[in-house]
Amino acid sequence: LPCLNLWKVLQEESNWPELLSDGLHFSPAGNTLVGTKILQKISEVFPELAVVPCKYTGSYGNSGSSCSGITTDSPWWENIDNACPSKSFEAS
């Protein structure tokens with residue numbers, strides 16, 4: 001079972017105290033580091049599940065992002081017709 005040793009990751013950082021907001025919970029910088037390390041681990045161990053961000057926005061959560069190992073079964077939020085949302089979920 002793959003795992004990510006966050007203790008080791010933190011100890012390898014010279015500024016590790018700044019990565020914790022109160023000695024236990026991650027600061028914004030700590031959350032960024034953990035997110036980056038999780039994405040790296042997923043890419044390494046499960047490359048088919050690695051999400052590629054949108055090439056225009058860099059976002060992982062819009063229709064420009066992609067993941068070859070996960071299929072979508074509903075429209076992205078920006079493709080939903082706000083005048084008639086149910087229409088957006090009809091089979092084409």
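Numbering starts at 1 and runs along the sequence shown. All values derive from a computational prediction rather than experimental measurement.
Through side-chain heavy atoms spaced under 4.5 Å, either directly or across other Ile, Leu, Val, Met, Phe, Trp or Tyr residues, Val51 is tied to Leu39, Tyr60.
Screening residues 38-53 for side chain to side chain donor-acceptor pair (under 3.5 Å) gives no qualifying pairs among residues at least two apart or on separate chains. The stretch residues 74-87 participates, sequence neighbours left out, in these side chain to side chain donor-acceptor pair (under 3.5 Å) pairs: Ser63-Glu78. Sorted by first and then second residue, the side chain to side chain donor-acceptor pair (under 3.5 Å) pairs with a member in residues 21-34 read Asp22-His25; sequence neighbours excluded.
Side-chain contact between Phe89 and Ile80 is present, with heavy atoms from C-beta onward closer than 4.5 Å. Pro53 is not listed as a side-chain neighbour of Ser59, based on a closest heavy-atom distance of 4.5 Å or more.
Under a hydrophobic clustering in which Ile, Leu, Val, Met, Phe, Trp and Tyr are joined whenever their side-chain heavy atoms come within less than 4.5 Å, directly or via other members, Phe26 and Ile38 fall into the same cluster.
Partners of Thr57 according to the side chain to side chain donor-acceptor pair (under 3.5 Å) rule, which considers only residues two or more places apart in sequence or in another chain, are Asn62.
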Could you list the donor-acceptor pairs under 3.5 angstrom formed by side chains in residues 7-19, with sequence neighbours left out?
none

